[in-house]
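What's counted below: heavy atoms across the whole structure, side chains too, no hydrogens, waters or symmetry copies. Here is how names work: the chains are called A, B, and so on, in the same order as the sequence lines, proteins then strands, and each is numbered from 1.
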Amino acid sequence: MKNYLLTVFKKAETDIPALKEITLVFEKPKLAGYGDLATNAAMLLSKKLKDNPRAIAQQILDSLKVDPKVIYKTEIAGPGFINFFFTKEYVTYIIKKIIDKKDSFGKSEKYAGKRANVEFVSANPTGPLTVGHGRNAVVGDTVANLLEWVGYEVDREYYFNNAGRQMRVLGDSVRLRYLEIIGEQISFPEDYYQGEYIKEIAMQLYIKYGDSLKNDDPEGIFKDTAEKEIFSDIKKSLENLGIIHKIFFNENSLYKDGKINELLDYFKSNGLSYEKDGAIWLKLSALSKNEDKVIIKSTGEPTYRLPDIAYHAVKINRGYDLLIDVFGSDHNATYPDVLAGIKAIGLNPDKVKVMIQQFVTIMDGDEVVKMSTRKANYITLDELTSEVGKDAVRYFFNMRNINSHMVFDLSIAKKKSDENPVFYVQYAHARINSILNRVKEVQLEISTNNLELLVHDDEQHLIKTLFQFEEEVELSADSLETHRICTYLYELAAAYHRFNKTCRILGTETKLAEARLALSYAAMIVIKNGLSILGVSAPEEM
RNA sequence: GCGCCCGUAGCUCAAUUGGAUAGAGCAUCAGCCUUCUAAGCUGAGGGUUAGUGGUUCGAGUCCACUCGGGCGUACCA
């Protein structure tokens, strides 16, 4: 529909040259009475042409040559909107297109040949993934899917650090639990890792080595074993959600490869760093930031900023056209420093898009399920997945705008009814599949020969909802908003369920029944495609 | 104090990124199965979009301030 209007407007430019100067927008009006698509072009032109919008709208309409077989009515409405009404015969062509393209309907080549990198999760291996990481993981993976749908070649990446203070504390936590097991008196510091998993790792070591590790260094076998075990658990948790990273990037490699020293030299020789109080400071004040920040502590250890800048430089230099970082909101104060650092070394920070993810509250009905990494009573991502299943986890985390706090209600996610949006959408798919199986018995075939018979309001509404899918995918990808896909699928499922109620297939005259079958089949394809973007299964039976 | 995010129906959230009369689900109330899954559908009530001012043809959306919540504000990551 949109493409048709674009072509028609293009031709009108000879009459009204000013049309070239504005970006044409066609959108679906909220109210059905305002037609299928509307444009505000006349309002945008009113300033340039110094005439009132409704008069300009009339001029535009006079210059447009629309085919009455495609558009049966146009009108000028409100302050100067032009509304277009498409014929019922015309809109049904989308059904043919969907059935023709099947799994690839909704995919576009908009960014074909471009490469993107999505960095997400990136939790250090100090403990099991939390539900917060889960939201990050699901949205990151789904954004990667979306980018693939619009043509990008996407690398999924996980950045981690297995050195530094956190990991030392981890090793020592295991060592203390180990000593406890072999009967030594210990005092376990409060800021050490309290979780049961530490004791389990210590127990494994005891089973394998007895008490022979009594005098071992915390950073030796204790840390190494903990890292290995925890990382393997993390990867398993992600796999349970269908998430597989292509690249695991170890911060340490930046030191080994000399990237850190290169960066330090660059800052120094360009007057962007200086020494004060035994530390090295990055002159962010020279980069339109408020204050300078330390990049090397007086102990000689770098702060997170230095490797982060080096890491982003490495990624940009791999030649990506787009880099996405999915961060927790605890990073919200730090990434601007990193972007400033990237700019300082002459790379383009505009390629980097940062998604800040807000917190998740887990509820079970009216009850808040507490989360705390330190305390014992917290729910891990694995527990969540096994409680409600992969599909619900992925759908629920994708369902809400990433930069809003969200409530994840376990009791709803577990329900097998229309209260649970995952089931509502999946059920629409299963229902269509069941119809397709059923009609075989009465020898009805899917046919696109008589689509013009689909004139019922509920048929037309369903068709127009199908029409929106391609645009919705593109919009979601461009805005990095996965929740739009959920909202869309819910609407599509609702449109289908309603159609299913009012427009029966069995017992209907053959031509109409077969056209309705084609429409049902098209809806099934689009639901499946949408769910696959989300990484949610499309069951054939429920 | 300062920075970022958020505030929309009783609850959980949308709103085509500045468009026309702010929409769904849950909950409440009233209905619909001799026919393809009632795991579904239909209808009703429910709003000063936290508040005040501003920008313009037009604001839930942009700007300023105020109030409320979250996360930061380290020579932790």
Listed nucleotide nearest any side-chain atom of [X], set [options]:
| X | options | answer |
| --- | --- | --- |
| R504(A) | A20(B), C36(B), U42(B) | C36(B) |
| L475(A) | C75(B), U16(B), G70(B) | U16(B) |
| N124(A) | C36(B), A77(B), C71(B) | A77(B) |
| F423(A) | A20(B), A39(B), A77(B) | A39(B) |
| N403(A) | A77(B), C5(B), A39(B) | C5(B) |
| Y304(A) | C75(B), A77(B), G19(B) | A77(B) |
| S329(A) | C36(B), C5(B), C71(B) | C71(B) |
| L506(A) | C36(B), A77(B), C57(B) | C36(B) |
| R438(A) | G19(B), A39(B), C36(B) | C36(B) |

Please find out if less than 6.0 Å separates the ring center of [X] from that of [Y].
| X | Y | result |
| --- | --- | --- |
| F26(A) | F9(A) | yes |
| Y488(A) | F469(A) | yes |
| Y490(A) | Y424(A) | yes |
| H461(A) | F499(A) | no |

Donor/acceptor link under 3.5 angstrom from N40(A) side chain onto base of G18(B): no
Base of C5(B) paired with side chain of N332(A) (donor-acceptor, under 3.5 Å): no
N/O (side chain, R498(A)) to phosphate O (OP1/OP2, U42(B)) under 4.0 Å: yes
Sugar-phosphate, base or nothing in reach of P79(A), heavy atoms under 4.0 Å: base
Protein-nucleotides 10-14 of chain B N/O pairs closer than 3.5 Å?
unit_1	atom_1	unit_2	atom_2	d
U12(B)	O2'	R400(A)	NH2	3.0
C13(B)	OP1	V407(A)	N	2.8
C13(B)	O2'	R400(A)	NH1	2.4
A14(B)	OP1	N401(A)	N	2.9

In whole Å, I'd like the distance from the [atom1] atom of [X] to the [atom2] atom of [N].
| X | N | atom1 | atom2 | value |
| --- | --- | --- | --- | --- |
| D457(A) | U42(B) | CG | P | 13 Å |
| H133(A) | A77(B) | NE2 | C1' | 11 Å |
| Y335(A) | G3(B) | OH | P | 14 Å |
| N420(A) | A38(B) | CG | P | 18 Å |

Pair Y521(A), N433(A): side-chain N/O donor-acceptor within cut-off below 3.5 Å: no
Any side-chain donor near an acceptor of the partner, R305(A) and T334(A), under 3.5 Å: no
Contact letters for nucleotides 22-32 of chain B, in which S counts primed atoms plus P, OP1 and OP2 and B counts the base, heavy atoms under 4.0 Å: --SSSS-----
Of F249(A), Y311(A), F248(A), the residue whose pairing with Y158(A) passes ring-ring contact (aromatic ring centres under 6.0 Å, His included): F248(A)
Paired stretches of RNA chain B - 3 or more consecutive Watson-Crick or G-U pairs, each distance under 3.5 Å: B:1-7 with B:67-73, B:10-13 with B:23-26, B:28-32 with B:40-44, B:50-54 with B:62-66
From CA spacing to verdict: salt bridge (Lys or Arg N to Asp or Glu O under 4.0 Å), D292(A), K283(A): CA-CA 5 Å; D292(A) 297 344; K283(A) 215 185 262 180; over 6 Å; no
Whole-Å P distance, G10(B) and G53(B): 23 Å
Separation of the P atoms in U48(B) and G43(B), to the nearest angstrom: 25 Å
E441(A) bridged to R438(A) by N-O distance under 4.0 Å: yes
Anti or syn - C26(B), cut at 90° from 0: anti
Nearest-nucleotide comparison on RNA chain B, the residue closer to the 5′ end among Q166(A) and E27(A): E27(A)
Residue mapping more 5' on RNA chain B - nearest nucleotide basis, E471(A) or A77(A): E471(A)
Residues, nucleotides or ligands: over 12 heavy atoms within 6.0 Å of K293(A) NZ: yes
Side-chain donor or acceptor of S411(A) paired with backbone N/O of D364(A) under 3.5 Å: no
Polar side-chain atom of K414(A) near backbone of E387(A) as donor-acceptor pair, under 3.5 Å: no
F81(A)-A20(B) aromatic stacking (under 5.5 Å, under 30°): yes
